[in-house]
Amino acid sequence: MSPRRTDAGGRIDRLRTIRFTFDGAPYTGHAGDTLASALLANGVTLFGRSFKYHRPRGVLTAGVEEPNALVTVLRGEVREPNIAATMVEIYDGLTAVSQNRFPSLAWDVSAANQLGGKLLSAGFYYKTFMGPAIGPLKSTRFWMFCEHFIRRAAGLGRAGTAADSARCERMNAFCDVLVIGSGPAGLMAARAAADQGARVILSELEPHYGGSANWSGETIDGMPGADWAARAAGQLEGYDNVRLLPRTTVWGYYDGNTLAALERVADHKERPGKGEPRHRYWIIRAKSVVLATGSFERPLVFPGNDRPGVMLAHAAERYANEYGVLAGNRIALFTNNDSAYRSALTLKKAGAAIVAIVDVRSELSSRMRELADEAEAKILFGHAVVATEGGKALSGVKVQRFDMVNGALAGEARSIQADCLLMSGGWSPTIHLASQAGAKAEWNAARQAFLPPKPTQQWIGAGAFTGSFSTAEAIAEGRAAGLLAAGGTGAPTALPVVEAAPGGPDPAPVFEIRANGKSFVDFQHDVTAEDVRLAHREGFVSVEHLKRYTTLGMATDQGKSSNIPGLAIMAEALGKPIPEVGTTRFRPPFSAVSIGSLAAERFGDLRPQRLTPMHDWHVANGATMYSAGLWYRPMIYGHPGETIEQAYVREARATRESAGIVDVSTLGKIAVQGPDAAEFLDQVYTNMFSTLAVGKARYGLMLREDGLAFDDGTTWRLGEQDFLMTTTTANAGKVMQQLEYFLDVIWPGLKVHVTSVTDEWAGAAIGGPRAREILAACVTGTAVDNATLPFMGIVHGKISGVPVMICRLSFSGEMAFEVYSGAGYGAHVWEALIEAGKPFGLVTYGLEALGTLRIEKGHVTGAEIDGRTSARDLHLDWMLSRKKPFIGSAMMDREGLIAPGRLELVGLISQDNQPLNGGAHIVEALDEANPHDSIGHITACCYSPALGKYIALALVKDGKARRGTRAHISDPLRNRFGPVEIVSNHFFDPDGSRMHG
């Protein structure tokens, strides 16, 4: 028999033995145990070391709020640190190790930090290591010396470096009612909503449904609460309109009733089953949400409250009722409320000796006295625990008379032998998701807790979440919430009858016992009551400043147990009531979320992957793909044995000689529609668009408000009130953001609607001397001759039966056309164009060739429109209208933007026939040993098949005046130096005869 395993009871499978290791030592438990319950059953009380002082710590709770018992779980070479032992379900072969200790958990040399005293108080890293003059270590030099050691000591668990092969999934779900929490309130809400025909999802972060019913020892409908919960969950499983999600934590509440959840599918298994992921990330969109998330018991703040063997009362009750494990053999309780008396009776029945109940209150109800008598416990009312005794395990507590009115201690302290101290400081509703959904929590003086705010989204609360701590209230509120969430009324019905231990829900307003010794508020980050008062003395009195200065509530438990005691101590220091001090707003995630689950199937890539409709065709036809922003685009279509340069030179040359086609689906596309659309575009662009004829396109330039260039592109007039704006791929989101800002804030009276339609259109640009012939061979419903489709003209027709829109415009400098179709037909149209182009020598080309063609022509992109250049710098001042105001017009002529010496766009030609590098500096006088006096830099470069030379675009000081002169490339990082000639940025066909031809 394990040292603390009870002879009977609990919901574990005693016939199935599980073997696992902790810090290399072998242990056994039973199916259904958590790592915490199994270690407690084996007599283990020391679980970890605290963050700053490396004090010994034992398990404090039994659930997700655990701050102390954090472990690293090992799966082969893969390490997963900072996992609460209370949430780890044991399985055969589980390997867990303790954290934040050296050389061992029992003997940690960093425990010497406890001697640091005030040197390690709140904000020590801001003060202790700043300023002292110790020899040469003056001012910040001393900090820089100490920083290395502080950073090495920071953190708890150590992250691993081995690749994790575990697979994760992502799921989208839609429901009428999402019920979060499966305690009595959640089960009743789910049943009521399901009976109304609503589509219901019930999520529960624990492995079993039932919440407090599994450990409260109450009777519901004449059966143990755990059995009632199991029956209710079993009934829900029979509903076709109900989805049950055990081991699923809803961790984020976002706008539009969108919630994020993490399902731990296989964490409790040695290895996932066939086809199973380890984690599944759920994005749930619900019409209505029922928050039945329960509450957390709070600790009391007193000296030595962090010693191993000190635990929350409900946690010990849960270990006994759910796992058949005693938290101790001789147990004392310290409380300010009635709930601890039920815990005492539970533990007495489980086989523990209750040596004392220390209650800060001077008066108790007769029913509490009866419970204490039944537990054979001595009541010390009007007393407080002022210290704990022992080393790495509790051996006793010291108690003293206490006046809860003024917080004064009186008389001599006396010792009580105990190997476990249970504390109960009241209950805090788990309002985290409601806080995330919006609005400010509301203080309830009777409950001494913050209750949920008034809903700003479609959610309804029930049970302990609302401050209704009795099971009977939870059942009634749960049913009502389920009906309301489903939009039904439901006939009156008899509710389950609950038999529960007596007791009121309201605690005495006592949070701290002030006595000698360290009293901890935030256990994980070693924040003491004195740290909170120090923050007050130093002016960090805002709850958000308090949080950041002391790190209170910033640990992995996110202040679930420490938030209210910390606020209460600050309130006392300020001489204000707690509601005036306020509370921090809770932010997602509610608990830790694996990064792998967020990436899900896109393992190894945390960025969104945007694929064009022709992506599969590119891959199947030999394209080398790479990311351009969030898009994946072809770099080259290489032939066997070709280098990248050889491939893009071949593609660019073939385009100039015959024709080439490139996927331009990634261009930003924005529909600008409404009666004032033309007027709006006149104000957005530097040139006029209200004069643009229907069926024509025009090149446009946008400035920022400060007069610098922002983006360029073409906009097509499809109707009197209907425009299609195209932007550079990388700037599409920023342009859309700017348009929405000006419509919402600056010109709200304009009747204009802007819609991003980038993903609605597939685009292909086909250019070269034979481009028109290729279109003529496959386009029906319209001619494409020069009269019908002049430069910047637009026509509508069909290709292979698919409606297309064609605009004649050019980025390559050749006669070129952009062909747009619905995204779903993109690949079909693309293949039809390629088939039509085969007799004409059509080639596909990628971004490298696209860049080569645009550099030869001298077109600008984001490399030149870099947030520092003006229209004049880029020789686009011909586009600046003097007939109208536009965004940036008021600032574009300011002195700094027209001053001599600005960097201007030029072309460069390599004079030594060697490649040039982007970012390389340009100097007048070359000094390889001491590079200096840069006059500009290269923005883009390539080998030009049209010129047979290496060329580049560059931004050079007074560049236009330097045309025809020589300079040098200075690139010491890549050891590239050499002569260049500065020329016009228009290397090829400067008069535009090829694209106009």
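Here, residue 1 is the first one in the sequence, and each next residue gets the next number.
Pairing each heavy atom of Asp359 with each of Tyr341, the nearest pair is OD2-OH, 2.8 Å. Across Ala62 and Thr86, no two heavy atoms sit closer than the pair C-CB, 3.7 Å. Shortest non-hydrogen contact noted between Pro453 and Ala439 is CB-CB, 3.5 Å. Smallest separation of non-hydrogen atoms from Cys175 and Arg199: CB-O, 3.5 Å. Here the closest heavy-atom approach between residue Thr430 and residue Ser295 is recorded as OG1-CA, 3.3 Å. Listed here is the closest heavy atom pair of Gly252 and Gln436: CA-OE1, 3.1 Å.
Of the candidates Val200, Val179, Asn241, Leu244, Leu244 is the only one forming a side chain to side chain contact (heavy atoms under 4.5 Å, CB included) with Leu236.
Checked by atom type, the side-chain pair Arg191/Tyr239 shows a donor-acceptor distance below 3.5 Å. Checked by atom type, the side-chain pair Ser428/Arg298 shows a donor-acceptor distance below 3.5 Å. In summary, the side chains of Glu263 and Trp282 do present a donor paired with an acceptor at a separation below 3.5 Å, with no hydrogens or angles considered. No hydrogens or angles considered: a donor-acceptor pair under 3.5 Å links the side chains of Thr471 and Glu218. A donor atom on one side chain and an acceptor atom on the other are found under 3.5 Å apart for Thr249 and Arg264. The closest side-chain donor-acceptor pair between Ser339 and Trp427 falls under 3.5 angstrom. Side chains of Glu204 and Ser182: a donor-acceptor N/O pair is present below 3.5 angstrom, by distance only. The closest side-chain donor-acceptor pair between Asn563 and Thr583 falls under 3.5 angstrom. Side-chain atoms of Asn172 and Arg285 form a donor-acceptor pair, as typed in the model, at a separation below 3.5 Å. A donor-acceptor contact closer than 3.5 angstrom links the side chains of Ser594 and Ser597. Residues Ser468 and Glu477 have side chains that bring a donor and an acceptor to within less than 3.5 angstrom of each other. A donor atom on one side chain and an acceptor atom on the other are not found under 3.5 Å apart for Asp267 and Tyr91.
Residues forming a side chain to side chain donor-acceptor pair (under 3.5 Å) with Asn321 (at least two apart in sequence, or on another chain): none. Applying the side chain to side chain donor-acceptor pair (under 3.5 Å) rule to His432 yields no partners; only residues at least two apart in sequence or on another chain are considered. With sequence neighbours left out, Glu66 forms a side chain to side chain donor-acceptor pair (under 3.5 Å) with Thr61.
No side-chain donor-acceptor contact under 3.5 Å links Asp419 to the backbone of Gly328. Under a 3.5 Å cut-off, the side chain of Gln448 and the backbone N or O of Ala445 do form a donor-acceptor pair.
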For Asp33 and Arg11: C-alpha separation, side-chain torsions, deciding distance, then whether salt bridge (charged side-chain N to carboxylate O under 4.0 Å, His left out) applies. CA-CA 9 Å; Asp33 265 323; Arg11 304 183 70 240; over 6 Å; no

Begin from the C-alpha positions of Glu442 and Lys454 and carry the test salt bridge (charged side-chain N to carboxylate O under 4.0 Å, His left out) through to its verdict. CA-CA 9 Å; Glu442 298 178 354; Lys454 292 180 174 61; 3.0 Å; yes

One pair to check against salt bridge (charged side-chain N to carboxylate O under 4.0 Å, His left out): Glu376 and Lys348. What are the steps and the verdict? CA-CA 8 Å; Glu376 299 180 10; Lys348 173 62 179 178; 3.1 Å; yes

I'd like to know whether Glu297 forms a side-chain hydrogen bond (donor to acceptor under 3.5 Å, both in side chains) with Ser424, so could you lay out the CA-CA distance, the side-chain angles of the two residues, the decisive distance to 0.1 Å, and finally the verdict. CA-CA 7 Å; Glu297 191 172 25; Ser424 179; 2.4 Å; yes

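Between Lys287 and Asp176, at least one side-chain N (NZ, or NE/NH1/NH2) sits under 4.0 Å from a carboxylate O, which counts as a salt bridge. Salt-bridge check for Lys269 with Glu89: failed, with every basic side-chain N at 4.0 Å or more from each acidic carboxylate O. In summary, Arg361 and Asp338 engage in a salt bridge, as defined by a charged side-chain N under 4.0 Å from a carboxylate O.
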